[in-house]
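The sequence lines fix the lettering, A, B, ..., with proteins before strands; numbering per chain opens at 1. The analysis underlying the following values was restricted to heavy atoms, covering all of them including side chains, and did not include hydrogens, waters or symmetry mates. Bear in mind that the values here come from a model prediction, so they are computed numbers and not experimental data.
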Protein chains: 2
Amino acid sequence: MSDPNDMPGHLARRFQQIAVAVFLAEVGEAGFDLTPVQYAALATIKANPGLDQVTLAGLIAYDRTTITGVIDRLVQKGLAERRASSRDRRARELEITDEGRRTLRKITPTVESAQRIMLRGLSAKEGEELMRLLRKAIAAGNALSRAPLREA
Amino acid sequence: MSDPNDMPGHLARRFQQIAVAVFLAEVGEAGFDLTPVQYAALATIKANPGLDQVTLAGLIAYDRTTITGVIDRLVQKGLAERRASSRDRRARELEITDEGRRTLRKITPTVESAQRIMLRGLSAKEGEELMRLLRKAIAAGNALSRAPLREA
DNA sequence: TACTGATAGTCAGCATACTGAGCAATATCA
DNA sequence: TGATATTGCTCAGTATGCTGACTATCAGTA
């Protein structure tokens, strides 16, 4: 049959919906106000100091137009800084602030426990297998979205 | 390490991102203007004529506030109708139109081929296994989002 | 050096998704 | 019956994500 509820696309949406809800609930309960996207951006800025927005977008597979707003909010919360690049006046170099570093350090255990919660219906082995299959499907479909993952 | 790119939540987001992109590309190429959400809603209305919006939301696990806009757009495109219920004057009964039925019939093969494309990196067996694991994880996490699946 | 094309970032517009609030109608129960 | 709780729907506000267009800048080349 063609039951939408049993299509891969629908399952993808549902799983992501739960993943986001769990993330926000756990992080909120721990007293922080950070979305999954903001967390990924902040962690990637910390790991790649001074990178520009397009590179950041490629490293975590966002659209470049989405990044603008995400950075806006990180800057507004005092977690990141946006500086004009001296080498390329079109580009903005991104830096994490001390406050951002503190937030990231305190929040990471919560984020990791959220990951366990969203897989709580699966055994450890099944969780690993789900992640392997997702990685494989994503690698094959990477070029199909407007925001493919791009290695540094 | 805590690489966001390798967390279940991030993989969920990436896979869904690709799934939506593939859906829109295939459906658009076939000459239709319908989103994944609109498709799921329309197919569910067809299968459950006269259902109200809250029931529809439960059957495909949307938030009730999201449904309002989705139905707006289906009605605007002439694919569905919203009627006041005679039994409960708070509720709206939803019906698919002839045009909606035609669209659904013509679009379904395209939707199914889109599902195959988003799994193209996996063998048939792996695709089945991915779906099984997603279903299992979703069932366990169903109550964790604001829009859980609700049986009729 | 002047032209051409590509690139970094932003913006407007649209469609999900969510939170929280509110209104109208219905259900429940003292 | 009358007060109270619940339910169906909508709306305002916020945050992804996308398309497509635009500006400013850079890079390569005739």
Side-chain angles (χ1 to χ4, degrees), chain A residues 9-10 12-14 16-25 28 33-41 51-58 60-77 82-94 144-148 150, chain B residues 9-10 12-14 16-25 27-28 33-41 51-58 60-74 76-77 82-94 144-148 150:
Chain A
H10 192 88
R13 182 186 146 277
R14 288 279 290 127
Q16 212 251 336
Q17 181 181 43
I18 290 168
V20 171
V22 168
F23 184 102
L24 292 176
D33 171 32
L34 211 64
T35 66
V37 175
Q38 288 165 17
Y39 173 80
L51 85 174
D52 65 289
Q53 293 186 193
V54 167
T55 304
L56 170 59
I60 44 185
Y62 299 13
D63 194 274
R64 72 188 190 287
T65 62
T66 302
I67 276 287
T68 298
V70 173
I71 302 295
D72 280 351
R73 287 178 280 279
L74 286 177
V75 168
Q76 222 236 310
K77 289 174 185 172
R82 202 192 235 135
R83 288 195 313 248
S85 165
S86 50
R87 292 187 307 281
D88 184 339
R89 281 188 307 180
R90 292 169 302 180
R92 314 301 177 88
E93 289 177 358
L94 303 174
L144 300 178
S145 86
R146 171 161 138 164
R150 269 185 265 264
Chain B
H10 192 86
R13 181 186 146 276
R14 287 280 288 130
Q16 211 251 337
Q17 181 180 44
I18 290 167
V20 171
V22 168
F23 185 102
L24 293 176
V27 166
D33 171 31
L34 211 65
T35 66
V37 175
Q38 289 165 16
Y39 173 80
L51 85 173
D52 65 287
Q53 294 186 193
V54 167
T55 304
L56 170 59
I60 44 185
Y62 297 14
D63 194 275
R64 71 189 189 285
T65 62
T66 302
I67 276 286
T68 299
V70 173
I71 302 295
D72 281 350
R73 287 179 280 280
L74 286 177
Q76 223 237 310
K77 288 175 185 173
R82 202 194 237 136
R83 288 195 314 248
S85 165
S86 49
R87 291 187 307 282
D88 183 340
R89 281 188 305 179
R90 292 169 303 183
R92 315 302 175 86
E93 288 176 358
L94 303 173
L144 300 179
S145 86
R146 172 160 139 163
R150 271 185 262 264

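Comparing C:dT16, C:dG9, C:dC18 against the side chain of B:R146 picks out C:dC18 as the nearest. Taking only side-chain atoms of B:A91, from C-beta outward, the nucleotide of C:dG9, D:dC9, C:dC18 with the closest atom is D:dC9. When distances run from any side-chain atom of B:R89 to the nucleotides C:dA25, C:dG9, D:dC9, the shortest one goes to C:dA25.
One can place CZ of A:R64 at 11 Å from P of D:dG20, the figure rounded to the nearest angstrom. One interatomic measurement links the two molecules: OH of B:Y62 to P of D:dG8, which rounds to 18 Å at whole-angstrom precision. The interatomic distance linking A:R73 (CZ) with D:dG13 (C1') rounds to 13 Å, in whole Å. Atom CD in A:Q53 sits roughly 20 Å away from atom P in D:dT23 (whole-Å rounding). We find that CZ of A:F23 is positioned 16 Å from P of C:dC18, with the value rounded to whole Å. If you take CG of A:D63 and P of D:dA15, they are 18 Å apart, rounded to a whole angstrom. Atom CG of B:D33 and atom P of C:dC14 are 13 Å apart (whole Å).
Here the side chains of B:V27 and B:Q38 are not in contact, with every heavy-atom distance at 4.5 Å or above.
At C:dG9, none of the side-chain N or O atoms of A:T68 fall inside 4.0 Å of OP1 or OP2 (strictly under the cut-off).
Within 4.0 Å (heavy atoms only), A:T35 reaches sugar-phosphate atoms of the nucleic acid but no base atom. Heavy atoms of A:R92 sit under 4.0 angstrom from primed sugar atoms or phosphate atoms, though from no base atom. Using a 4.0 Å heavy-atom cutoff across all strands shown, A:A21 reaches no nucleic acid atom at all. As judged by a 4.0 angstrom heavy-atom cut-off over every strand, B:T66 is placed among the base-contacting residues. Within the 4.0 angstrom heavy-atom criterion, base atoms lie near B:T65. A:S85 comes within 4.0 angstrom of no nucleic acid atom, judged by non-hydrogen atoms across all strands. A:D52 comes within 4.0 angstrom of sugar-phosphate atoms only, judged by non-hydrogen atoms across all strands, and of no base.
Here the closest heavy-atom approach between residue B:T35 and residue B:L24 is recorded as CA-CD2, 4.0 Å. Closest non-hydrogen pair, A:A21 versus B:L144, comes out as CB-O, 3.5 Å.
Mapping B:S86 and B:S145 onto DNA chain C by nearest heavy atom places B:S145 at the nucleotide closer to the 5' end. In terms of position along DNA chain C, the nucleotide closest to A:R82 lies nearer the 5' end than the nucleotide closest to the other residue of the pair A:R82 and A:Q16.
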What string of B, S and - do you get for nucleotides 1-7 of chain D 5' to 3' if you count protein non-hydrogen atoms under 4.0 Å? ------B

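Here the side chain of A:Y62 pairs a donor or acceptor atom with the backbone of A:V37 at under 3.5 angstrom.
Side-chain contact, B:Q17 with B:R14: a donor N or O sits under 3.5 Å from an acceptor N or O. A donor and an acceptor atom, one from each side chain of B:R73 and B:Q76, are nowhere located under 3.5 Å apart. One side chain, A:D52 or A:T55, offers a donor N or O that lies under 3.5 Å from an acceptor on the other.
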